Amino acid sequence: MPSSQAKPLVSVIVIVYNDADRLPRAVASVLRQSLRGVEALIVDDCSTDDSFSVAQRLAAEYPGQVRALRLPENSGGCGGPRNLGMTEVRGEYVMFLDSDDELDDHACRNLYEAGERTGAELVSGLSVRRFVGNRNGKTDRWYPWIYSRTRTLDSVSELPDLLVWDTLSTNKAYRRSFLTRTGLQFPLGILYEDLLFSAQAYLAAERITLIPNRVYYWDQWPQAKDKGGASLSNRRHEIRNFTDRLEIHRRIDVMLADRDMAELKYRKDLKFLKHDLVLHLRDLPFLPEDFRQEFAGHARGYLAGLDPEAVAESPFIQRICAYLLTRDDWENLLPAIDTLLNRDKLSSPLVERDGRIFWCGEHLDDPEGRRVLEVTAHGYHSKALGQLFLRNQLTRYAVGPGGVELAGRVVNPLGRIAADAKISAKLEFTARRKTIKSKFAFPVREVRHDADGIVWSATADLTKALRPLGVLDDVWDVRCVFTVNGERTTTRLTVGDLDLAAPPTPAVRPRLTRLTGDRMEPHRSVRGHLAFELAAEGGLARRGTDLIERAVRGEAGPVANTAMDRARRTLRGALRLKRQLNNGDTKLKVYHQLLHRLPVVKGQVVFESHQGKQYSDNPRAIYEELLRRGAPMKAVWSYAGSAAGFPSGATLVKRWSWQYLRALAQAEFWVDNQGFPYRLRKRPETTYIQTWHGSALKKMGFDLASLKRQTPEQQALYLAGLNRFDHFVVRSEHDVRTLAPAYRIGEDRLLRAGYPRNDVLRDEGAAKDRQLAGELGIDLTKPVVLYAPTFRADASGRVRTFELPFDVEEFVERFGDRMTLLVRCHYLNRVVLPPSVAGKVIDVSDIQEVTPLYLMADALITDYSSLMFDYALLDRPMLFFAYDWEEYADDLRGTYFDLLGEAPGPVLRDAGELYEALGDLDLVGKEYTEARQRFVAEYGEYDRGDAAARIADLMFGAADGTEQEAGR
């Protein structure tokens, strides 16, 4: 700006209170703006430090660009200095900046130009939270979906998320004439002034423009005392923090009601339950009883006025907490808050009533309570013990002569852990930093039942057993691992309001000397769990810790030449190298440039099923055929999660591990049914046999609209992955007409062998698996029906929550005494069955290999799953429950043929028709005999019962020493 008289384009109001050190940094971000014509107006809120002196110095150094004002007395918030600034600004647009934050270098230009281009009164851009001092440079974009593209709104009602979620005043530029016209001011004497000011601005603006550019850096400082005190997020123990939030929400509610904006009110109420209330609820277990009671009194009145639809749409645990809060039920509320903090945790023992599962037994005589507290759909009752994350409430913490004394109580939901169960337990101390693979265990001396829980106690001698490294593993988490009849479940220790003040823990000896600390100090983690932190108590350790902290900050000092510092730098270098080695790009480079140079291992076969998620399907059938005939195979199986269930006779490698990459690089054969990682090239010496996993009803590959919309580069990468296939297994000419062109597979790569997994379905002597039936509790004297729906996703490919399209309890009422229903979802979906149908409707989704279920089922119900092509080989009744055919065929995926006209069984459109068909399966079987035969001839012509043998011959030669044709 050439002179003090020139009118600026943008005025940035920089507010400051007791922040002299950071103020120049904030102002510098204004001065380096790429837009010419920006002024910084510093408003000091009557600081007690040198903030105003710094502001005056900056004004003197940058005349015409920086001005400095001061309030005569402290206003107690951000509103006062911002209001004063608005009366003094000269720019066409006004922005706000806090002294501990920064503007992006192009913020003013991007906001100003967008406003001039669109005529907007308010222009808003992306805010980014930066966690200052975080060793990984952590950042967090503030609600980025709102700023995914440039758009202009004539009313905030066009984008309710804007008012509901982006309540900041600082990532915006306001036209000064708009502020003058509306008389907008920040409220005084109340917290959360941004929420009200932003809401007023959104509702008053006649045009709003949003831009996807970063404009504001909202910096989170470690252990900062912002503006003379703790930040709002650290003052939730003050009741004013909550009451002021409620008052701001009430004022916004009045504005919305005056404008008849019911939809915005609904969205805001939903956000209040999901976010605002949660912020305060999560602190309640750690606050005094009198605070809780006062909090509940304020909350009840406001919760009563929320939109009932918003309450119904909020997550179940938020609904439960809000309900219990209004009923003053602290005994059930405090455990529920533990689940609120740890969403996978089950913190209640649950109760069952009339075949339904409820969070607690209280309030079930209240219709609203019964509705809110029901948790049947969340499947706690059907999960294996090892899948449950159970609440473990710490009941004792002390330091005795033997070490740290701990005791606790674990919930036992619905009596899952039987009274006669064999139970053992251990405590595990684990370094929090994932790159440090350190763990120490201590036995739990007592474990026993106690009413609806399990109580335990243990003593951990940290002095003798725990040897931290120091510096890099200063925080240790504690877990209690239970083994119940051979099944493991892991818990965390919930501290609650238990006092951790005790005599200091005995000294420990870190491996990097006691300079790094000399004792383990207990504390409660942000999620309420017990943890220990390496702390310094002795004078030498405290001085060593101070030196380390100075070194980490990069300050000069005597630590620079100490052995401790060299050890620290060496360790950090090693950890940095480890991170680099585990980086995906590094792995790709090493795989292609180094591992590809290793010799191919003769006979090495890497098997993978469904991207390592299962030991199943065609790869399994080929593997077992090769084992049966004693082929000279060195088998390697890939697994993605747990290795449980994979064959012990093979080498097991975790997907994307170095062992996995080396195995692929040196393999003679790749065998899978979906696709090894596309970015991994196959060397010419390796033969890739792609068995695929099903014939196609729904469109696939390049026939999908979603793939057609990809960029040429994305399509080329996808095609390169497909071009690795040397052999593509097909089971019919239908596959040749559909799958082959969809995946750009030429005639020379087609392997007309049929599916190995279906060989057993062609064996007329194949029997039902009675052992599996016994494990599942299936009565084989009654007909068994398998319901196997296809994968459910929306048009963009996102996985949808699957809900059964018929009432299983009604099914049990009609057919429970006559037949058993097995429900098998796609492996990407899941379903929860109510306990009232136990033994009559059974979830078999976790059984990886589907073939034994085919053999056990006397009939199949499906919709559009490729399982229809397999099951048809058994020539048993098939029912097609196509309740959403139009949506599926036309809107979601599209299909290769008209199922309604070609289905080898009745196509049923509602539950009534389904029940009618189930009532006479014998008749269905007879009526569609010819249709099934035609279907098999059309879609399973190469499934002759010898597919695994033919592919094994291709790989290692015929079992009898003669060559056989494996193609046509």
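In this chain, residues are counted from 1 in sequence order. Please read all numbers here as calculations on a predicted model, not as lab measurements.
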Requested in this report: Determine which pairs satisfy salt bridge (Lys or Arg N to Asp or Glu O under 4.0 Å) with at least one residue from residues 150-163, sequence neighbours left out, and list them in order.
Outcome: D154-R207, D161-R267
**Report entry** Electrostatic pair R282-D338, nearest N-O below 4.0 angstrom
**Finding:** no
Report summary line: In terms of heavy-atom contacts, V215 and A107 come closest through O-CB, 3.2 Å
**Report entry** SB check R175 E116 (cutoff 4.0 Å)
**Finding:** yes
Query raised in the report: Do NZ/NE/NH1/NH2 and the carboxylate oxygens of R181 and E121 come within less than 4.0 Å?
Result: yes
Query raised in the report: Is it true that F291 and F286 have ring centroids separated by less than 6.0 Å?
Result: no
**Report entry** S124: partners by side-chain contact (heavy atoms from CB on, under 4.5 Å), with sequence neighbours left out
**Finding:** L122, Y147, D166, N171, K172, L210
Query - Over all atoms of both residues, closest heavy-atom pair of I211 and A114 - result: CG2-CB, 3.6 Å
Query raised in the report: Can you name the side-chain contact (heavy atoms from CB on, under 4.5 Å) partners of T711, sequence neighbours left out?
Result: E713, Q714
Requested in this report: Would you kindly say whether Y217 and D104 are connected by a side-chain donor-acceptor distance under 3.5 Å?
Outcome: yes
Query raised in the report: Side chains of R245 and Y192: is there a donor and an acceptor less than 3.5 Å apart?
Result: yes
**Report entry** Ring geometry between Y143 and W165 (parallel below 30°, tilted from 30 to 60°, perpendicular above 60°)
**Finding:** tilted
Run the side-chain donor-acceptor check on residues 295-302: report pairs under 3.5 Å with partners two or more places apart or on a different chain.
residue	atom	partner	partner atom	Å
Y302	OH	D253	OD2	2.8
Y302	OH	K268	NZ	3.1

Report task. Compute whether any side-chain donor of one residue and acceptor of the other, for D276 and H249, lie under 3.5 angstrom apart. Result -> yes
**Report entry** salt_bridge(E113, R117) N-O dist < 4.0 Å
**Finding:** no
Query raised in the report: Does K265 pair with D260 as a salt bridge, N-O distance under 4.0 Å?
Result: no
Query raised in the report: Which atoms form the tightest heavy-atom contact between Y17 and D44, and what is the distance?
Result: CA-OD1, 4.4 Å
Report task. Could you pull out all residues at least two apart from R527 that satisfy side-chain contact (heavy atoms from CB on, under 4.5 Å)? Result -> N342, S525, H529
**Report entry** Side-chain donor-acceptor contact under 3.5 Å, D19 with S51
**Finding:** no
**Report entry** Pair T209, T118: side-chain N/O donor-acceptor within cut-off below 3.5 Å
**Finding:** yes
Query raised in the report: With D105, which of R214, R32, Q33 fulfils side chain to side chain donor-acceptor pair (under 3.5 Å)?
Result: R32
Query raised in the report: Just checking, is any N or O donor in the side chain of N18 or T48 under 3.5 Å from an acceptor N or O on the other one?
Result: yes
Query - Any residue meeting side-chain contact (heavy atoms from CB on, under 4.5 Å) with R67, in chain and number order, not counting sequence neighbours - result: E39, L41, E88, R90
